[in-house]
Number of protein chains: 2
Amino acid sequence: MEREKQAQIFKALAHPTRLIIVEKLLEGERCVNDIKDLFDASQPNISQHLNILKYSGIVDFRKKGNLRCYFLKDSKKLEKIIQAIK
Amino acid sequence: MEREKQAQIFKALAHPTRLIIVEKLLEGERCVNDIKDLFDASQPNISQHLNILKYSGIVDFRKKGNLRCYFLKDSKKLEKIIQAIK
DNA sequence: ATATTATATAAGTTTATGGTTATATAATTA
DNA sequence: TAATTATATAACCATAAACTTATATAATAT
């Protein structure tokens, strides 16, 4: 079970778009709009990537008016992982 | 390109079987036979997982008679990644 | 040379991913 | 309340991943 969970985190990180999102969130929370502007991908596509990160437990969000601001649930851990892969 | 490469490493690690293989190889090189015995998966299945790790640049092998001994190409890096995910 | 052991490769099937376009929902503004 | 903005969800399609079984190859032993 432990390995499945770890594998799932790796799977969530196994996409350039999601890696870039996570790196952005290492700087602090960001609303979807800001995240979307990092890419020229479609809005639903970004939303789906965010959902994958959410589902895997890497990010969560809070509402701020009609915005959704995503943040890393454990930025220390992510920091380490991102650092280690370089 | 850098992100694609990192994503590919994550993808290679995004499977319980391959995670276990990598953790085993952290102890030192191992022949396919020994690796196979860690699982009750089929021989071709293990071979395919090893190939994925090879293709992604995580492992390499050397021949020793009719055995193939796999080893981590950068065990320090893998050590860090595996540590960070825990 | 033949058989055996260790391992890889191929072909086929099933399920999962990653993207698109269209549509829904929720909050804000007019 | 109607329109707008921000975002998610659904339906769909194409490609890739993960297995299985069958077969090939390479080294060793007989």
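Letters A, B, ... are given to chains in the order of the sequence lines, protein chains preceding strands, and every chain is numbered from 1.
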Checklist outcome for this item: Ordered by number, residues from residues 62-74 of chain A within less than 4.0 Å of DNA chain C (heavy atoms) are Lys63(A), Gly65(A), Asn66(A)
Next on the checklist: Check the phosphate of dT5(C) against Asn33(B), side-chain N and O only, distance under 4.0 Å to OP1 or OP2. Yes or no?
Outcome noted: no
If you restrict it to nitrogen or oxygen atoms, what contacts under 3.5 Å exist between nucleotides 10-12 of chain D and the protein, and what is each distance?
unit_1, atom_1, unit_2, atom_2, d
dA10(D), N6, Gln48(A), NE2, 3.4

Item to check | Phosphate OP1/OP2 of dA17(D) contacted by His49(B) side-chain N/O (<4.0 Å) | outcome: no
Atom pairs, N/O to N/O, protein against nucleotides 14-17 of chain C, distance under 3.5 Å?
unit_1, atom_1, unit_2, atom_2, d
dT17(C), OP1, Lys11(A), NZ, 3.1

Item to check | Length of the CZ-P vector between Arg30(B) and dA6(C), whole Å | outcome: 17 Å
Next on the checklist: Any non-hydrogen side-chain atom of Lys77(B) less than 4.5 Å from a side-chain atom of Ile9(B)?
Outcome noted: yes
Next on the checklist: According to ring-ring contact (aromatic ring centres under 6.0 Å, His included), does anything in residues 67-86 of chain B pair up with another residue at least two apart or in another chain? List the pairs.
Outcome noted: Phe61(B)-Tyr70(B)
Item to check | Distance, rounded to the nearest Å, where Leu50(A) contributes CG and dG18(C) contributes C1' | outcome: 15 Å
Checklist entry - Whole Å only: how far is the NZ atom of Lys54(B) from the C1' atom of dT7(C)? => result 14 Å
Item to check | Nearest-neighbour nucleotide for the Asn45(B) side chain, dT20(D), dT7(D), dT20(C) considered | outcome: dT20(D)
Item to check | Derivation of the side-chain contact (heavy atoms from CB on, under 4.5 Å) call for Ile81(A) and Val22(A) | outcome: CA-CA 11 Å; Ile81(A) 296 172; Val22(A) 167; over 6 Å; no
Next on the checklist: Within the structure provided, determine whether Ile58(B) and Lys73(B) are in side-chain contact (heavy-atom separation under 4.5 Å).
Outcome noted: no
Checklist outcome for this item: Here the distance between atom C1' of dT25(D) and atom CG of Asn51(B), to the nearest Å, is 15 Å
Checklist entry - Do the charged groups of Arg3(A) and Glu23(B) touch, with an N to O distance under 4.0 Å? => result yes
Item to check | Atom-to-atom span, CG of Asp60(B) to P of dA8(C) - whole angstrom | outcome: 12 Å
Checklist outcome for this item: For Lys5(B), the side chain to side chain contact (heavy atoms under 4.5 Å, CB included) test, sequence neighbours excluded, returns none
Item to check | From CA spacing to verdict: side-chain contact (heavy atoms from CB on, under 4.5 Å), Leu19(A), Ile82(A) | outcome: CA-CA 8 Å; Leu19(A) 269 183; Ile82(A) 296 295; 3.8 Å; yes
Expected list for residues 33-50 of chain B: side-chain donor-acceptor pairs under 3.5 angstrom, two or more places apart:
unit_1, atom_1, unit_2, atom_2, d
Asn33(B), OD1, Lys36(B), NZ, 3.4
Ser42(B), OG, Asn45(B), N, 3.2
His49(B), ND1, Arg18(B), NH1, 3.0

Checklist entry - Tell me, do Leu72(A) and Leu53(A) make a side-chain contact under 4.5 Å, heavy atoms counted? => result no
Next on the checklist: Using whole Å, what does the distance between atom P of nucleotide dA16(D) and atom OH of Tyr55(B) come to?
Outcome noted: 11 Å
Next on the checklist: For a quick test of reading the model: is some side-chain N or O of Ser47(B) closer than 4.0 Å to OP1 or OP2 of dT7(C)?
Outcome noted: no
Item to check | Lys/Arg N to Asp/Glu carboxylate O, Glu29(A) vs Arg62(A), below 4.0 Å | outcome: yes
Checklist entry - Whole-Å distance between dA16(D) C1' and Glu4(B) CD? => result 16 Å
Checklist entry - In whole angstrom, what separates Gln43(B)'s CD from dA26(D)'s C1'? => result 13 Å
Item to check | Heavy-atom side-chain proximity of Ile21(B) to Val59(B) below 4.5 angstrom | outcome: no
Next on the checklist: Working to the nearest 0.5 angstrom, can you tell me the gap between Leu25(B) CG and Ser75(B) OG?
Outcome noted: 10.0 Å
